[in-house]
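All values below come from the heavy atoms of this structure, side chains included, with hydrogens, waters and symmetry mates left out.
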Amino acid sequence: MGALTIRLPNPVHESIKLRREAAWGKREDFAQFLKLVPDVPPLAGDALSSNADTLANTKP
């Protein structure tokens, strides 16, 4: 039996790739990774506003 190659549009390919990578991940691994993040206040300019209206109206 021969091989069949199918070219997918980039958005479809990326979506499948992200889902596959997410399926390989484990919650325990992610929790372990988060334990490595230092619990310190954000640097100047990195803090998020607590005002939901400000966040909702912010353009990327």
Side-chain angles (χ1 to χ4, degrees):
M1 180 176 216
L4 175 64
T5 301
I6 300 173
R7 298 270 312 161
L8 299 173
N10 283 339
V12 174
H13 182 261
E14 289 298 319
S15 176
I16 292 170
K17 180 179 170 184
L18 290 173
R19 286 184 199 157
R20 181 177 41 189
E21 289 175 357
W24 286 340
K26 297 179 186 171
R27 182 174 290 278
E28 297 81 23
D29 293 339
F30 185 66
Q32 187 67 27
F33 170 77
L34 286 180
K35 287 181 183 179
L36 300 174
V37 177
D39 186 19
V40 296
L43 298 173
D46 284 346
L48 294 176
S49 170
S50 61
N51 184 344
D53 293 332
T54 302
L55 292 175
N57 294 325
T58 303
K59 294 182 182 179

- Message: Taking CG in Asn10 as the centre, count heavy atoms belonging to other residues, nucleotides or ligands within less than 6.0 Å. Is the count above 12?
- Response: no
Sorted by chain and residue number, the side-chain hydrogen bond (donor to acceptor under 3.5 Å, both in side chains) partners of Arg7 (sequence neighbours excluded) come out as none
Review point. In terms of hydrophobic clusters joined by side-chain contacts under 4.5 Å, are Val40 and Phe33 together?
Key: no
CD (Glu14) and NZ (Lys17) are apart, to the nearest 0.5 Å, by 5.0 Å
The reported gap from CD1 in Ile6 to NE2 in His13 (rounded to nearest 0.5 angstrom) is 12.0 Å
